[in-house]
Amino acid sequence: MASRKKVLLKVIILGDSGVGKTSLMNQYVNKKFSASYKATIGADFLTREVLVDDRQVTMQLWDTAGQERFQSLGSFDALDSWRDEFLIQASPRDPDNFPFVVLGNKIDVEESKRVISTKRAMTFCQSKGGIPYFETSAKEAINVEQAFEVIARNALLQEESEEFSGDFQDPINIHIENERDGCAC
Ligand code: GDP
Ligand code: MG
């Protein structure tokens, strides 16, 4: 069998502060959840190796911070701003078909505290050309695997990924955040 090249997918997790971006990434990569809130400083990435249809894929997940500028809009209206800003900054080759996935996190929280209805979220995703939508819980590991699998599949389909030859080394798990915990600032 001809050896297929390893694929590196860069996934960027965007959204307002406090929605659970860091938690989703931690659940997906480390299968851990922490209820205590630690603001992310700068950007960190974690990697996870997955097989997608027998294809070995390295998912490089970028966590982000500095979301405060959109916070006054409220989480959901901000989603459009995140999408637009991403398209401006990243200028992907085919913006209309960029493989976005929308996650509505904290689905474990009681329904009365819900801010955005499923219907509204789905209507939004449909209006943007059919973005896949998942309701997740980083706390209870609901739909996290499924959401990231669709992210990987759709990104692979785009052929936007960077490919590496066979000598690509094992990825290194880096989580810089903890190093900053001791910081007095
Ligand atoms: P970020 O600012 O988007 O990275 O958000 P964090 O991942 O730091 O999460 C913010 C807060 O929400 C933390 O206290 C988390 O423990 C909590 N949290 C994150 N995901 C979930 C979830 O799925 N369910 C519940 N109940 N809490 C969550
Ligand atoms: Mg964070």
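In each ligand, atom 1 is the first atom listed, and ligand 1 is the first ligand listed. Starting from 1, each residue takes its place in the sequence as its number.
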Are [X] and [Y] close enough for a salt bridge, meaning some N to O gap below 4.0 Å?
{"X": "E140", "Y": "K106", "value": "no"}
{"X": "E145", "Y": "R48", "value": "yes"}
{"X": "R153", "Y": "D53", "value": "yes"}

Looking at side-chain heavy atoms only, is the closest gap between V7 and Q56 below 4.5 Å?
no

Any donor-acceptor N or O pair under 3.5 Å, side chains D108, S137
yes

Does T136 come within less than 4.0 Å of ligand 1, judged by its heavy atoms?
no

For G15, state whether at least one heavy atom is located under 4.0 Å from any atom of ligand 1.
no

In terms of atom number and element, which parts of ligand 1 are under 4.0 angstrom from non-hydrogen atoms of [X]?
{"X": "F33", "result": "16 (O), 18 (N), 19 (C), 20 (N), 21 (C), 27 (N), 28 (C)"}
{"X": "V19", "result": "3 (O), 5 (O)"}
{"X": "D16", "result": "3 (O)"}
{"X": "V109", "result": "26 (N)"}

Note: heavy atom closest to atom 6 (P) of ligand 1, options G104, S137, A65, S23, belongs to S23

The one among S36, G20, S34, S17 that brings a heavy atom closest to atom 16 (O) of ligand 1:
S34

